Structures are given as C-alpha cells and as structure tokens.
Visitor: 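I'd like to ask some things about the structure below.
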Amino acid sequence: MGERAAFFYGTLMAPQVLHRVCYGSSKPPAYQSGLLTIRPAILPSYERHRVRHADYPAIIPHAHSAVRGTVVTGLTDADIWRLDIFEGDDYERVTATAKILVEVGDETGKGNVEGEEVRVETYVWIAGEDMLEKGEWDFAEFQKEKIGRWIGEEGEAEYAGRLSILEVDDAVKAQGKDPTGGRGRGGHITNALEGQTALQDVLKNAI
C-alpha cells in the first residue's frame, strides 16, 4: 500500500474513473481496489468551477470558500505519476490541507462535521480563469449523464438504455471538441496511460 494521499473534487471522485486511471480498469480485482481508502472531505481556501465546454471542473484559490470532495489514501508513486498524466498541463499538483468529514451535510455545507486534518496533494487549475465558468460543477449530473464516456466499454452494462459507449465516442468526435479533454475512451491521454500499462506488463512478464 502506498503512503501518498490526494484530494479529488471532480471526475476522480467516481471510483470507476479513479480505478481506470490507477489500475487500467474501472472494475479492478478487490486486491487492487482495496489498496485505496476513500473518505469524504473538504478543502478550505479553494473554489470549484466548471471548465468551459468540458465534463470536468477545476479549482482555484479563494480565501473564503471550500470545496467538498474525497481524500484518497494508499496511493503509490506510480499512481501519482499516472494521475499527473491524466490531469495534463492545465493543472498543477500542489500540497494542501484537507479536513475529513465525519458527517456529510447538504450541498451548502450545512450539517458537515469536520474531523482530522490530512496533508494531501491536489490538482489546481493553471490554464487561466477565462476558461472557467462561474457556476459550480455538478457531480450528480456527471455520474448520471456523462460518466460512461470516461470509463469505456466496461460501463456499457451499467448504462443500459442509453447510447452505447462507442456511439457516445462517435458523437463526441462529431462535436469537434472532446469534453473529456482527451481523458475519455480513445483520448490521447487515455491512450498514453494504456500504453504505459501495456509496457509495464511486458516488462513484468520478461522478468
């Protein structure tokens, strides 16, 4: 088990997306998924915004705000390396202090009960605030409407009755702009991650 911790506030709050990035599958075996501990938390002094024309959000510093998300512990150096690739050049990984939520309140934060503080790494937007919308990002909407194109064909059975993942991919391409920013199935960031997984398997088998 790794010793690194991170705070996630967007697509990586969904375990399926986190597992796909770290383990190459949205449904890894229990011995892998069990390496990570996921707890609700808040990150003070930041605010979250939707990124224009994208499925995912960003956070920027803001003294009088806080962002609710998850703290994930048990991450390895290799996991962080893959997460760096996934996040890309629009984000910078920084160290911050998150607060674990012993009890989770409503969307406004009313009812939150804060517990221990944890030093974490998180990804802060550095590509310019002109790329951000003023509105808050909606995790529930992401899970309901958009997660399928982030986890690939493995998610087809979970979204029966909707467009197949392949049809979604074709629709995304037809838009001329990838709302996953290259992080969905067939995206350039995903392909880079999958290439590294294949290389690691080859090297492991050669030993």
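The structure displayed is predicted, hence computed values, not measured ones.
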Visitor: Restricting to non-hydrogen atoms, name the atom on P28 and the atom on S33 that form the minimum distance, rounded to 0.1 Å.
Guide: CG-CB, 4.0 Å
Visitor: So do R20 and F86 actually touch side chain to side chain, heavy atoms under 4.5 Å?
Guide: yes
Visitor: Please name the pair of heavy atoms, one in F139 and one in M13, separated by the smallest distance, quoted to 0.1 Å.
Guide: CG-CE, 3.6 Å
Visitor: Say whether, by atom type as modelled, one donor and one acceptor occur between the side chain of R93 and the main chain of Y123 under 3.5 angstrom.
Guide: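 Checked: no pair found.
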Visitor: Return the CZ to CD distance between R52 and E133, rounded to the nearest 0.5 Å.
Guide: 5.5 Å
Visitor: To the nearest 0.5 Å, tell me how far W150 CH2 sits from D55 CG.
Guide: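 Result: 6.0 Å between the selected atoms.
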Visitor: Please tell me whether I126 and L83 are part of a single hydrophobic cluster in this structure, the criterion being side-chain heavy atoms less than 4.5 Å apart.
Guide: no
Visitor: So which heavy atom on P57 is nearest to which on G10, and how close?
Guide: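 Closest approach of P57 to G10, heavy atoms only: CG-CA, 3.6 Å.
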Visitor: For a quick test of reading the model, state the closest non-hydrogen atom pair linking I100 to A41 and the distance between them.
Guide: CA-CB, 4.1 Å
Visitor: Atom CG of D79 and atom CG of L36: how far apart are they, to the nearest 0.5 Å?
Guide: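 The CG atom of D79 sits 6.5 Å away from the CG atom of L36.
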Visitor: Is there a side-chain contact between T70 and L18, using heavy atoms and a 4.5 Å cut-off?
Guide: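 Not in contact.
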Visitor: Is there a side-chain contact between T11 and K146, using heavy atoms and a 4.5 Å cut-off?
Guide: no
Visitor: Applying a strict under-4.5 Å side-chain criterion to I, L, V, M, F, W and Y, I'd like to know whether W125 and I85 cluster together.
Guide: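 As far as the 4.5 Å side-chain criterion goes, I85 and W125 are connected within one cluster.
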Visitor: Measuring from H62:NE2 to R48:CZ, what's the distance to the nearest 0.5 Å?
Guide: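 Between H62 NE2 and R48 CZ, I get 14.5 Å after rounding to 0.5 Å.
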Visitor: According to a hydrophobic-cluster definition based on side-chain heavy atoms being under 4.5 Å apart (Ile, Leu, Val, Met, Phe, Trp, Tyr only), do V17 and W81 belong together?
Guide: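 The answer is yes; both residues are in one hydrophobic cluster.
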Visitor: Where do L75 and C22 come nearest, in terms of heavy atoms and distance?
Guide: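 Where L75 meets C22 most closely, the heavy atoms are CD2-SG, 4.2 Å.
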Visitor: For W137 together with Y9, are the ring centres under 6.0 Å from each other?
Guide: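 When the ring centroids of Y9 and W137 are compared, they turn out to be at least 6.0 Å apart.
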Visitor: Mind checking the CD-CD1 spacing from Q16 to I147? Nearest 0.5 Å is all I need.
Guide: 4.0 Å
Visitor: Got a donor-acceptor contact below 3.5 angstrom from the T122 side chain to the F7 backbone?
Guide: yes
Visitor: Can a donor-acceptor pair be found between the side chains of Y91 and D84 at a distance below 3.5 Å?
Guide: no
Visitor: May I ask you to list the residues sharing a hydrophobic cluster with L101, side-chain cutoff 4.5 Å, ordered by chain and number?
Guide: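 Taking Ile, Leu, Val, Met, Phe, Trp and Tyr as members, L101 shares its hydrophobic cluster with I42, V104.
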Visitor: Which atom pair, heavy atoms only, marks the closest approach of R68 to G105?
Guide: NH1-O, 3.1 Å
Visitor: Run the salt-bridge test on R39 and E116 with the 4.0 Å N-O cut-off and return the result as yes or no.
Guide: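 Salt bridge flag = yes for E116 with R39.
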Visitor: V67, V102: one ILVMFWY side-chain cluster at the under-4.5 Å cut-off?
Guide: no
